[in-house]
Amino acid sequence: MPKPNPRLQLMTISSLILIILSVYMVLIYAPREIIMGDVQRVFYYHVSSGWIAALAFLVTLITSIMFLATQNKSYDHVAMSSAEIGVIFTTMNIVSGSIWARPVWNTWWTWDPRLTTATIMWLLYIAYLFLHAGLEGHDRRRHITAVYGIVAFISVPLTFMAIRIWRTIHPVIIGSADPDAEGQFDMTARMTTTLLFTASTFTVLYFTILWHRVRIQSLFEYMSKLQYQMYNDLKER
Amino acid sequence: MRKKTLVSALLIFSVMVTLVFTFALDLDKSTKDNVAVGVLWVTFVFSSTLGLNQTFANEKNQSSLEGMLLSPIDYTAIFVGKFISTYIFVIIVEIIVIPMFYILYGIPLFSPLFVLIVLLGSFGYTLVGTLLASIATRTRAREIMLPILLLPVAMPIIIASVQCSNAILSGAHWGQFSNAFNLVIVYDIIFLGVAIMTFDYLIQE
């Protein structure tokens, strides 16, 4: 029987503390943006959740390739868990973006290239999770979802680059600025510190959730094995 | 024999889709400029998806895929064969649908560039479709699964093809649609590579 892991408990507690600190950083430490006002504070969580979504899908890509190369099933657990977390963080990213866009762009949603590519990415990984749930047979499911995990990744660099290659109204805060963008601002030193802090907080949170999720998956497999053994024992009796 | 019924069913289906759109969007000659090309591509996408659903259906129903896998040929050859046959179906449907659009809406659809973009766009769509159809046939709800898997993957090439077609038919010069055109070509190349590299893993039991 697998025991609770003390290192995992430590990570869980530290991500809780970091989140409380990041709330303080975002709401009090970071200065109030002069034109957009307090709604700009959504930016820190918006960018951080976008970053975690990209990281999670990158992990899915790498572990999918590793699975096809080595046939080690723990890579499949990581790939699936990471995609699940990525979908949640993409949803957070889209929702927080909408909340910001309502006062700044005067609309909840617009078919801008960045928003379109992000939606496609979101749908692709939802389809990935559907596929994972809809396939029968462990070996077959692992192979097939690994291939889809590789195919789906094409949307991630496309989403990241969308605001840099097309003309769009989505602001580019990090890197060069597009004159068409609406809601552009320059970051002060305190804003940069806050953004880096929330991004690192979310990274710790991501690895904590990933670890928990993979652990649940392996416990689940362990349980199925026990059930199977029990079934066989009962049949022999 | 089954393939013949498939072609005629696809043709009738695409005519019906066109009719539904004509009445749903109230398409007449004045509004056609904005939406007719989009409707044309949606017709292609719907009827190709319907055709793609049948790609591996015969093998599934008669369990003849195992026989194909046992024969001493490269798995990639099976994929290429499936892809070529589906692509020919899609082209047959397009050969019928394009003149129909010409007659109904009077859009000059016969420029060589437009034909090229239709061929390239449906090449990429059918390619990804064949790859994902081999996945979808193994799921519990296979007819529903294919569009869910395929449409988000194919979205970039559909958007780029529609943009290109619109630009070509409105007589824009090369610089105005070169980006979208390149995207179609890059998409075709990337997925040709991905399909050939990954099909072996998909088809194995």
Given the options B/F191, B/F199, B/Y187, which has more heavy-atom pairs under 4.5 Å with chain A than any of the others?
B/F191
How far does CD1 of B/I190 sit from CD1 of A/I154, to the nearest 0.5 angstrom?
4.0 Å
Nearest-0.5 Å distance, CG of residue B/D200 to NE2 of residue A/H143
10.5 Å
Answer with side chain, backbone, both or neither: which region of A/I126 has an atom nearer than 4.5 Å to a non-hydrogen atom of chain B?
neither
Under 4.5 Å from a heavy atom of chain B, the part of A/A133 involved
backbone
Can you name the residues of residues 146-161 of chain B that have some heavy atom under 4.5 Å away from a heavy atom in chain A?
B/I148, B/L149, B/P152, B/V153, B/M155, B/P156, B/I159
Please indicate whether A/F130 has more than 12 foreign heavy atoms, meaning atoms of other residues, nucleotides or ligands, lying under 6.0 Å from its CZ.
no
Look at A/T145, A/I144, A/T116 and state which one has the largest set of heavy-atom pairs under 4.5 Å with chain B.
A/I144
Is A/F160 atom CZ crowded by more than 12 heavy atoms from other residues, nucleotides or ligands, each under 6.0 Å away?
no
Give a yes or no on this: more than 12 heavy atoms of other residues, nucleotides or ligands lie within 6.0 Å of atom CH2 of A/W122.
no
